[in-house]
Amino acid sequence: KHDPAAHKFVLNTCKMRLCRPCAAERAALIRANLLEAVKDREIRFLTLTLKSTDEPLRLTVTRLHAYFRQLRRKPLFSKRVLGGAAFVEVTRNRQTHLWHAHLHCLVEGKFMPKEALSRDWLAITGDSYIVDIRLASLVRAPAAVRAEMEILVEQRLREWLPGAFPERALRITRDGHKLKIVGDLSL
């Protein structure tokens, strides 16, 4: 007779940034921690965009971080923002092959006029003025956010590594505390 208690299922993860299951798990953990940290606070979603470029990606991301440090020192930002979290997103245009880097930030603080923020960002970057700031909606269902993250990661992987993934794959998902295979996922 089979005894289910005699067996244990263990999941080993590679923790690589581009691994879809690991990225989804990391995103879920980050989101849960952020939701707890920002509970009962007025949070704004800020996006800072750099002009698309063909320079090496490492330089673009380094430049983005340096510009963000400079922005945080500006009175418009430093007098209105109490704290926050920032995440880099990079896309690559399929036609031009240019990198498009931007920073997504969750910030706690006072109202910042978009026009003034755009002027400061342009003064810092020299060529980029596109910014967006709005009150954040952090109450979306975790499953919806996770699904969006999985789709985004998969799209980026397919763009960067064309032909590296089979057309059909198994999707594994978390059901409470158990992992289960949902089924064949036609990609």
Side-chain angles (χ1 to χ4, degrees), residues 15-20 22-93 98-157 159-160:
K15 302 200 184 319
M16 291 182 69
R17 282 180 168 251
L18 297 179
C19 169
R20 191 172 130 205
C22 291
E25 194 67 28
R26 187 172 47 258
L29 178 63
I30 290 169
R31 183 175 193 281
N33 289 337
L34 281 173
L35 283 175
E36 183 62 31
V38 301
K39 196 186 309 181
D40 302 323
R41 298 175 187 216
E42 191 168 285
I43 301 297
R44 288 178 169 71
F45 185 61
L46 168 65
T47 303
L48 302 166
T49 305
L50 284 184
K51 185 177 178 182
S52 295
T53 181
D54 62 352
E55 75 181 355
L57 183 57
R58 182 180 298 269
L59 292 176
T60 303
V61 173
T62 299
R63 209 165 37 93
L64 180 61
H65 284 291
Y67 293 156
F68 185 49
R69 271 192 304 276
Q70 290 177 44
L71 179 67
R72 292 192 322 255
R73 291 185 194 115
K74 293 272 190 183
L76 174 73
F77 198 91
S78 65
K79 291 182 179 180
R80 289 179 170 83
V81 175
L82 300 172
F87 305 90
V88 173
E89 182 181 2
V90 180
T91 59
R92 190 165 190 189
N93 185 297
L98 297 178
W99 294 110
H100 178 67
H102 41 287
L103 210 55
H104 295 294
C105 310
L106 294 175
V107 296
E108 178 187 10
K110 300 174 187 171
F111 171 79
M112 273 189 282
K114 183 177 175 178
E115 298 77 20
L117 187 60
S118 181
R119 277 193 306 274
D120 277 359
W121 188 240
L122 178 59
I124 291 166
T125 64
D127 63 1
S128 304
Y129 62 90
I130 298 176
V131 301
D132 186 45
I133 187 160
R134 61 184 71 187
L135 281 175
S137 171
L138 300 173
V139 293
R140 294 186 298 155
V145 172
R146 183 175 180 165
E148 285 176 20
M149 179 56 77
E150 286 181 4
I151 290 167
L152 178 65
V153 168
E154 182 178 313
Q155 287 171 344
R156 297 298 179 257
L157 285 172
E159 286 173 17
W160 295 338

Write down the atom of K110, the atom of K79, and the distance for their closest heavy-atom approach.
NZ-O, 4.4 Å

Within a strict 4.5 Å, meaning less than it, do heavy atoms of the M112 and V81 side chains meet?
yes

Just do the side chain to side chain contact (heavy atoms under 4.5 Å, CB included) check on T125 and L48 with the steps written out, would you?
CA-CA 11 Å; T125 64; L48 302 166; over 6 Å; no

Taking atom NZ of K74 and atom CG of D120, what is their separation to the nearest 0.5 Å?
5.0 Å

Among T53, D54, V88, L98, exactly one meets side chain to side chain contact (heavy atoms under 4.5 Å, CB included) together with T60. Which residue is that?
T53

Taking every heavy atom of S52 against every heavy atom of H100, the minimum-distance pair comes out as OG-ND1, 3.4 Å

Does some side-chain heavy atom of L135 sit less than 4.5 Å from a side-chain heavy atom of F111?
no

Donor-acceptor pair, distance only, cut-off 3.5 Å: does the side chain of S118 make one with the backbone of K114?
no

Show the nearest heavy-atom pair for residues T49 and W121, with the distance to one decimal.
O-NE1, 2.8 Å

If you define the side chain from C-beta out and look only at heavy atoms, does anything of L103 sit under 4.5 Å from L50?
no

Within a radius of less than 6.0 Å around CZ of F68, do more than 12 heavy atoms belonging to other residues, nucleotides or ligands occur?
yes

Single hit among T47, L46, D132 for side chain to side chain contact (heavy atoms under 4.5 Å, CB included) with H104
T47

Which value, rounded to the nearest 0.5 Å, describes the distance between F77 atom CZ and L71 atom CG?
5.5 Å

Contact between L76 and R119 at the side-chain level, heavy atoms closer than 4.5 Å - yes or no?
no

Note: S78 and R72 closest approach over all heavy atoms is CB-O, 3.3 Å

Got a second to check how far L57's CG is from T62's OG1, nearest 0.5 Å?
9.0 Å

Step by step, work out the side chain to side chain contact (heavy atoms under 4.5 Å, CB included) result for F45 and L106.
CA-CA 5 Å; F45 185 61; L106 294 175; 3.8 Å; yes

